[in-house]
Amino acid sequence: MQSRTQNLKERVYRANLLLKQNNLITLTWGNVSEMDRESGLIAIKPSGVDYDAMTANDIVITDLDGKVIEGHLRPSSDLDTHLELYKSFTDIKAVVHTHSRWATIFAQAGKEIPMLGTTHADTFYGDVPCTRKMTADEIAGDYEKETGTVIVERFQALDPVAIPGVIVHSHGPFTWGKDAYDAVKHAIVLEEVAMMAWHTLTLNSEAHFQQELADKHYFRKHGANAYYGQGERE
């Protein structure tokens, strides 16, 4: 088990560094976690620790109730949001939160990121949704847990696997995936399509994307008969 948790910590550490390398964070405004579904353990960045000073041994291990199992630092303040997503979206194994510039602009405007082209459709099968505003009671109460609750609420009629990300109103983006690197990849794509959408709508506020083209691009990568890439080698 020790080698298993150490590998989990190492992956989460390296995935967190990718946020900085891809200009998705400023200062310490971001975090990555990954869950080992078999053991029920979660590895997450420690709260407020500078990325340049952080090591793999600083990554904190908790259980699904948020109890620290291993680590000498406090886990990210966003841990309870991550936990709510793991509990509700049972097909995901990693969560990323950033305050990346373009996605956060949409969050502050309270606007979803519309699917306007194939770059978006390759990863997100539909508009990236924006949550409702949190109530005063939610903010004053268990704020981080309630942040997760409003995300889950927004996805009641959506597939979190097909749309692996969300904009939290007035806050910023969360993405998720099959592992920490996958979730970071979705955060990178989300920031890129947010930037593209803002500029597209500036040029043409009536921009519209064909559903047929959306279907083609999403399912050629993620469908039952996907043919993009090299696939599994026998």
Side-chain angles (χ1 to χ4, degrees), residues 12 15-16 19 24-35 40 42-49 59-68 73-113 124 126-177 180 182-184 186-191 194:
V12 169
N16 272 282
L19 297 184
L24 295 178
I25 58 160
T26 302
L27 301 176
T28 60
W29 306 344
N31 44 74
V32 180
S33 73
E34 182 175 319
M35 180 178 184
I42 296 155
I44 191 167
K45 179 185 179 291
S47 180
V49 173
I59 299 300
V60 183
I61 300 290
T62 80
D63 63 16
L64 196 52
D65 293 320
K67 178 183 177 182
V68 174
L73 298 171
R74 290 197 304 272
S76 168
S77 58
D78 293 309
L79 172 64
D80 285 346
T81 306
H82 291 230
L83 296 180
E84 288 303 300
L85 299 183
Y86 286 129
K87 290 174 184 177
S88 296
F89 300 162
T90 54
D91 289 328
I92 72 170
K93 295 181 181 178
V95 176
V96 170
H97 173 49
T98 75
H99 289 252
S100 60
R101 181 171 299 168
W102 291 102
T104 300
I105 289 171
F106 276 86
Q108 293 182 171
K111 298 290 187 180
E112 63 189 17
I113 301 173
F124 299 97
D127 301 341
V128 177
C130 183
T131 69
R132 62 169 172 82
K133 288 185 176 181
M134 296 177 71
T135 67
D137 286 344
E138 288 168 337
I139 294 167
D142 196 345
Y143 171 65
E144 288 79 14
K145 180 178 185 295
E146 295 294 353
T147 300
T149 299
V150 298
I151 294 173
V152 172
E153 175 191 295
R154 183 64 182 85
F155 272 79
Q156 285 181 350
L158 298 173
D159 180 358
V161 174
I163 305 176
V166 70
I167 303 298
V168 176
H169 200 301
S170 310
H171 188 166
F174 284 80
T175 59
W176 44 81
D182 193 46
V184 170
H186 293 154
I188 293 168
V189 175
L190 182 65
E191 179 67 357

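No experiment lies behind these values; they were computed from the predicted model shown.
Counting heavy atoms from C-beta outward, N31 and H82 have side chains that approach closer than 4.5 Å. Contact check for K111 versus C130: no side-chain heavy atoms found under the 4.5 Å cut-off. Between R154 and E112 there is a side-chain heavy-atom pair separated by less than 4.5 Å. A 4.5 Å side-chain heavy-atom check between T98 and P173 finds at least one atom pair inside the cut-off.
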side-chain contact (heavy atoms from CB on, under 4.5 Å) assessment of H99 paired with T26: CA-CA 8 Å; H99 289 252; T26 302; over 6 Å; no

Would S88 and F155 satisfy side-chain contact (heavy atoms from CB on, under 4.5 Å), going step by step from the backbone distance to the final call? CA-CA 10 Å; S88 296; F155 272 79; over 6 Å; no

Does the pair M134 and H169 meet the rule for a side-chain contact (heavy atoms from CB on, under 4.5 Å), with working shown? CA-CA 8 Å; M134 296 177 71; H169 200 301; over 6 Å; no

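Taking all atoms of both residues into account, the shortest heavy-atom contact from I163 to P129 is CG2-CD, 3.8 Å. Between T175 and A183 the shortest heavy-atom distance is OG1-O, 2.9 Å. Here the closest non-hydrogen pair linking K45 and V12 is N-CG1, 4.4 Å. Closest approach of V95 to L85, counting heavy atoms only: CG1-CD1, 3.9 Å. Of all heavy-atom pairs spanning R132 and V150, the tightest one is NH2-CG1, 3.5 Å. When all heavy atoms of A107 and V168 are compared, the pair lying nearest together is CB-O, 3.4 Å.
Judged purely by atom type and a 3.5 angstrom limit, W176 uses its side chain to pair as donor or acceptor with the backbone of P160. Side-chain atoms of E34 come within 3.5 Å of backbone atoms of A180 as a donor-acceptor pair (strictly under, hydrogens ignored). Here the side chain of E84 pairs no donor or acceptor atom with the backbone of T147 at under 3.5 angstrom. The main-chain N or O of V161 is found under 3.5 Å from a side-chain atom of D159 such that the two form a donor-acceptor pair. Judged purely by atom type and a 3.5 angstrom limit, T131 has no side-chain atom pairing as donor or acceptor with the backbone of I151.
Sparse packing is recorded around NZ of K133, with 12 or fewer heavy atoms of other residues, nucleotides or ligands lying under 6.0 Å away.
A centroid separation of less than 6.0 Å is found between the aromatic rings of H171 and H97.
Taking CG of L64 as the reference point, atom CD1 of I42 lies at 5.0 Å (rounded to 0.5 Å). With rounding to the nearest 0.5 Å, the separation of CE in M35 from CD1 in I44 is 12.5 Å. For the atom pair CG of L83 and OG of S33, the computed distance is 8.0 Å after rounding to the nearest 0.5 Å. Atom CD1 of residue I113 and atom CG of residue D127 lie 9.5 Å apart, to the nearest 0.5 angstrom. Atom-to-atom distance recorded for T149:OG1 and D80:CG is 10.0 Å, nearest 0.5 angstrom.
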